[in-house]
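Residue numbers start from 1 in every chain, and the chains themselves are labelled A, B, ... in the order their sequence lines are given, proteins ahead of strands.
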Protein chains: 2
Amino acid sequence: MKREKNKELFRKFVSRQGLKSTRQRENILDVFVSTKQHMSVEELYEKLRAAHPGIGYATVCRTLKLFAQSGIAHEIHFGDGRTRYEPAAQGEHHDHLVCTGCGTIAEFENSTIEELQTAVADGHDFLIHSHKLELYGLCARCRK
Amino acid sequence: MKREKNKELFRKFVSRQGLKSTRQRENILDVFVSTKQHMSVEELYEKLRAAHPGIGYATVCRTLKLFAQSGIAHEIHFGDGRTRYEPAAQGEHHDHLVCTGCGTIAEFENSTIEELQTAVADGHDFLIHSHKLELYGLCARCRK
DNA sequence: TTTATAATGATAATCAATATCAATAAGGAG
DNA sequence: CTCCTTATTGATATTGATTATCATTATAAA
Ligand SMILES: [Mn+2]
Ligand SMILES: [Mn+2]
Ligand SMILES: [Zn+2]
Ligand SMILES: [Zn+2]
């Protein structure tokens, strides 16, 4: 299961980096892997406080950054000034449709687009490390 | 010429919206349309101060927002926390290759990608209003 | 001109993210 | 297990870009 896989990956990352395993990190890990996607730091912090009062905002920020470093999370910026995180699925990738009406996020994969991106980069003698593709607009419900 | 076109478009926007034509707006317009692309607010402010000491930072911010509203500028966020602006070419569109080594920005257009984006959106019953496609990586020089 | 209203610019406020730092916890050595 | 070094935590202060405030100034219509 993806959740357990990510938890295991993070524990290995902590060990490999000489970091320490702490109660807070485990708690944040638990909540994060079982969360709906694209949560802001604030949202995750509130969810965590409900289960683990006393947790610090700074610790949540720091730990989410570690999640991103370890590869189990992706940091996302939708342009509203809030950093969001989503659990990563190893070996998978997707981009986002963002409804500016209700804020709903849909996900999609399109291998042809990905290939064309690589072709474009090749033409510029450019080596892609990562990319961001976001489609902003209105979902069906918000258009009615 | 594109520069004069954009200046004219902005002046019409100002008139249409019942705004006032001011020395500051004209100065900012002059500098903006003749600028290299993807300048941060801070960079534009410094460039403006050189030619027009006394200009206020807040005025630069406000005016750049007006440029974006009027359609002669695009607001860009490359994820470094600084808002950038680039002159818009009416009826044209491009996306960006961002070198994480030296910060150089290359531009590209790919109509096939654009069509595929629309197809993806259609499949989700989603109406695209705008999109963001950025390819991050290393340019040829930074790879050597 | 006169006058109503918008714009300006100095400054304060905002807000998410990050840095600081004393107190606490982890975990290896003995 | 206990000691000890070092990392982590969380309260708080700070940062940095942007936005709001507001007294002063400028615009443009009457
Ligand atoms: Mn996603
Ligand atoms: Mn551009
Ligand atoms: Zn919607
Ligand atoms: Zn480069």
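- Applying the 4.0 Å criterion to OP1 and OP2 of dT19(D), one finds that R62(B) has every side-chain N and O outside that range.
- Annotation: F67(B) is in aromatic contact with F10(B) [ring centroid separation under 6.0 Å].
- Residue Y45(B) contributes atom OH, which lies 10 Å from atom C1' of dA10(C) at whole-angstrom precision.
- Checked against the 6.0 Å centroid threshold, H131(B) and H93(B) count as a close aromatic pair.
- Between R25(B) and dA7(C) there is a side-chain polar atom (N or O) within less than 4.0 angstrom of OP1 or OP2.
- The side chain of Q24(B) contributes an N or O atom lying less than 4.0 Å from OP1 or OP2 of dG9(C).
- Distances shorter than 4.0 Å separate some side-chain N or O of Y57(B) from OP1 or OP2 on dT18(D).
- Contacts of T59(A) with the nucleic acid, taken as non-hydrogen atoms under 4.0 Å apart, include base atoms.
- Look at CG on D80(A): it is 14 Å from P on dC15(C), rounded to the nearest Å.
- With rounding to whole Å, H77(B) atom NE2 is found 15 Å from dA16(C) atom C1'.
- Residue-level contact check: R82(A) touches the backbone only, with heavy atoms under 4.0 Å from sugar-phosphate atoms and none from bases.
- In terms of phosphate contacts, K65(B) brings a side-chain nitrogen or oxygen within less than 4.0 Å of OP1 or OP2 of dT19(D).
- Atoms CZ (R49(B)) and C1' (dG9(C)) sit 13 Å apart, rounded to a whole Å.
- With rounding to whole Å, E46(A) atom CD is found 12 Å from dA16(C) atom P.
- One can place CZ of R11(A) at 16 Å from C1' of dA26(C), the figure rounded to the nearest angstrom.
- Distances from the side chain of A58(A) to the nucleotides dT8(D), dA17(C), dA11(D) place dA11(D) closest.
- For the pair E42(B) CD and dT15(D) C1', the interatomic distance rounds to 15 Å; values are reported in whole Å.
- Counting any heavy atom pair closer than 4.0 Å across all strands shown, G54(A) reaches sugar-phosphate atoms only and no base atom.
- Mapping R84(B) and L19(B) onto DNA chain D via the closest heavy atom, the residue that lands nearer the 5' end is R84(B).
- Between the side chains of H96(A) and E134(A), not a single donor N or O lies within less than 3.5 Å of an accepting N or O.
- Checking H77(B) against E75(B) by side-chain atom types alone, a donor-acceptor pair falls below 3.5 Å.
- In summary, K7(A) and E26(A) do not engage in a salt bridge, as defined by a charged side-chain N under 4.0 Å from a carboxylate O.
- The side chain of T83(B) lies closest to dT18(D), out of dT27(D), dT18(D), dT8(D).
- Note on T22(B): a side-chain N or O is less than 4.0 Å away from OP1 or OP2 of dT8(C).
- If you measure from atom NZ of K20(A) to atom P of dA7(D), you get 7 Å, rounded to the nearest angstrom.
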